[in-house]
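The shown structure was predicted, so the numbers you read here are calculated from the model rather than taken from an experiment.
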Amino acid sequence: MKAVVITTPGGPEVLQLHEVEDPELKDNEVLIKVEATALNRADILQRKGMYPPPPGSSPYLGLECSGTIEAVGKQVSRWQVGDKVCALLSGGGYAEKVAVPAGQVLLAPPGVSLQDAASFPEVSCTVWSTVFMMSRLSAGETFLVHGGSSGIGTFAIQMAKYWGAKVFVTAGSEEKLAFCKNLGADVCINYKTEDFVARVKEETGGKGVDVILDIIGAEYFRRNLDSLSFDGRLFVIGTMGGAVTEIDLRVVLSKRLTIQAAGLRYRSPENKAAIVREVENNVWPAIVAGKVKPVVYKYFPLSEAAEAHLLMESSKHIGKILLLP
């Protein structure tokens with residue numbers, strides 16, 4: 001098969017399409033002929049040599065895909081050859097075929113093209129596990145997502161609205177904010193021209209929001225704490241603005257705040273399977289009902305993975321970027 005190989009850690013130009021060995025299929029896995037895969041920020045870190053795949057995982061990039069099942073392992077009962085699916089991966093999506101544990105596979109949602117189904121696994125598992133399973137966002141609460149126009153952000157806006165929350169977003173241009181508003185965001189804040197803490201306080205009568213999903217990290221940490229209400233929950237899933245910060249525990253104590261952080265990639269297959277089943281039960285109905293839609297900015301052939309990475313690093317896109325074998 002063909003796969004995108006990191007020839008040496010570095011810039012986008014190190015990504016090259018090579019002929020490689022087909023994946024070996026384990027007894028608890030299915031083999032998927034890839035229809036599409038999606039870019040994630042983690043791919044950029046791995047390309048630079050800063051985010052190695054978990055032991056035993058594919059060395060190739062790609063944390064999600066969609067496609068058709070070509071083969072099933074001996075222990076797999078739910079899936080059959082020919083099923084149209086999408087899957088959460090530990091790696092290997094930037095290829096023509098990928099082997100994945102059966103528990104991390106979802107039926108491609110009806111009403112969504114098989115290509116566009118590749119835009120859902122990573123964002124849906126990330127947002128559902130952090131915002132809903134762990135931070136317990138519920139109807140009537142307020143929710144702030146930073147990077148509202150990102151793949152995570154565009155999905156989180158739609159899901160939180162579906163769940164009955166009031167949604168605040170930050171983004172860096174009026175075009176991105178208009179797109180977020182069109183998706184259902186209630187309060188749109190340009191972080192380049194506005195202080196998001198002041199705007200959050202103004203819009204909530206001084207209370208603050210109940211839940212924040214943050215991809216920035218250190219740069220926003222103190223301001224995030226200031227933006228939370230009593231019993232507020234901050235969930236950090238990225239460190240684009242730095243990883244080291246100081247914390248005033250008196251703020252956490254006085255407001256009874258909860259601070260959590262997690263990633264998906266290094267979780268056990270069992271843990272990932274549990275999240276995937278939750279997503280199937282709680283998120284897929286929203287997609288099937290048309291309440292949550294794929295947001296795809298651009299499609300590239302697999303051979304143009306470097307160009308796709310350049311686009312992601314420019315931050316000019318809105319939503320997901322897909323690669324097509």
Side-chain angles (χ1 to χ4, degrees), residues 109 119-120 122-171 176-191 194 196-216 220-221 223-238 255-262 264 275 278-295 318-320:
S119 69
F120 280 130
E122 179 76 13
V123 293
S124 60
C125 289
T126 296
V127 171
W128 184 259
S129 63
T130 57
V131 176
F132 296 94
M133 289 172 71
M134 297 178 76
S135 296
R136 308 174 315 282
L137 180 69
S138 55
E141 288 195 310
T142 46
F143 170 60
L144 166 62
V145 57
H146 292 298
S149 62
S150 66
I152 290 282
T154 53
F155 180 85
I157 291 166
Q158 295 180 82
M159 199 63 210
K161 287 301 291 183
Y162 174 75
W163 217 245
K166 182 176 182 179
V167 177
F168 293 62
V169 301
T170 62
K176 289 180 175 180
L177 292 171
F179 195 94
C180 293
K181 192 151 196 72
N182 200 40
L183 283 179
D186 299 286
V187 179
C188 301
I189 305 163
N190 187 329
Y191 68 81
E194 281 190 273
F196 72 79
V197 182
R199 184 76 187 279
V200 163
K201 292 281 181 69
E202 178 191 329
E203 296 283 350
T204 59
K207 278 178 56 183
V209 293
D210 297 301
V211 176
I212 298 176
L213 183 64
D214 179 47
I215 57 172
I216 302 299
Y220 277 11
F221 189 72
R223 284 187 280 167
N224 279 333
L225 298 188
D226 288 343
S227 301
L228 283 169
S229 64
F230 280 91
D231 296 313
R233 290 89 77 193
L234 168 64
F235 212 108
V236 180
I237 56 167
K255 291 167 76 174
R256 301 187 300 269
L257 302 181
T258 300
I259 301 164
Q260 298 181 90
L264 265 179
I275 293 170
E278 283 256 350
V279 164
E280 184 175 36
N281 292 333
N282 296 288
V283 177
W284 250 229
I287 296 171
V288 172
K291 302 296 185 185
V292 175
K293 295 176 179 173
V295 179
I318 294 172
K320 300 287 281 189

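The residues Lys320 and Glu122 are annotated as not salt-bridged, no charged nitrogen and carboxylate oxygen being separated by less than 4.0 angstrom.
Rounded to the nearest 0.5 Å, atoms CG (Leu177) and OG (Ser149) are 8.0 Å apart. The CD1 atom of Ile259 sits 11.5 Å away from atom CG of Asp214, with the distance rounded to the nearest 0.5 Å. To the nearest 0.5 Å, atoms CD1 (Ile287) and CD (Glu280) are separated by 11.0 Å. Atoms CD1 and CG, on Ile216 and Asn224 in that order, are 9.0 Å from each other to the nearest 0.5 Å. For the atom pair Thr126 OG1 and Ile152 CD1, the distance stands at 4.0 Å (nearest 0.5 Å).
Counting only distance, with no hydrogens or angles, the side chain of Thr170 and the backbone of Ile189 share no donor-acceptor pair below 3.5 Å. Side-chain N or O atoms of Gln158 include one that pairs as donor or acceptor with a backbone N or O of Lys293 at under 3.5 Å.
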Legend entry - Candidate pair Lys166 and Val187, rule side chain to side chain contact (heavy atoms under 4.5 Å, CB included), full reasoning: CA-CA 8 Å; Lys166 182 176 182 179; Val187 179; 4.1 Å; yes
Inset, instruction - Check the pair Glu278 / Ser129 against side chain to side chain contact (heavy atoms under 4.5 Å, CB included), numbers first and verdict last. - result: CA-CA 8 Å; Glu278 283 256 350; Ser129 63; over 6 Å; no
Inset, instruction - Walk me through it: do Phe143 and Leu213 pass the test side chain to side chain contact (heavy atoms under 4.5 Å, CB included)? - result: CA-CA 8 Å; Phe143 170 60; Leu213 183 64; 3.8 Å; yes
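In this structure the side chain of Val123 never reaches within 4.5 angstrom of the side chain of Thr154, judged on heavy atoms. Within the 4.5 Å cutoff, no side-chain heavy atoms of Phe155 are placed close to those of Val295. At least one side-chain heavy atom of Leu228 sits less than 4.5 Å from a side-chain heavy atom of Ile212. Between Phe132 and Val127 the shortest side-chain heavy-atom distance falls below 4.5 Å. The closest side-chain heavy-atom distance from Leu264 to Ile275 is below 4.5 Å. Residues Asp210 and Arg233 have side chains in contact (heavy-atom distance under 4.5 Å, counting atoms from C-beta outward). Between Val292 and Val283 there is no side-chain heavy-atom pair separated by less than 4.5 Å. Counting heavy atoms from C-beta outward, Thr204 and Ser229 have side chains that stay 4.5 Å or more apart.
Of all non-hydrogen atoms in Ala185 and Ile157, the two that sit nearest each other are N-CG2, 3.6 Å. A pairwise comparison of heavy atoms in Cys125 and Val279 identifies CA-CG2, 3.9 Å as the closest pair.
Applying the ring pair (Phe, Tyr, Trp, His ring centres under 6.0 Å) criterion to Tyr220, with sequence neighbours excluded, gives His146, Phe196.
Taking the six-membered ring where the residue is Trp, the centroids of Trp128 and Trp163 are separated by under 6.0 Å.
Evaluated for a salt bridge (charged side-chain N to carboxylate O under 4.0 Å, His left out) with Asp186, the options Arg199, Lys181, Lys161 yield exactly one hit, Lys161.
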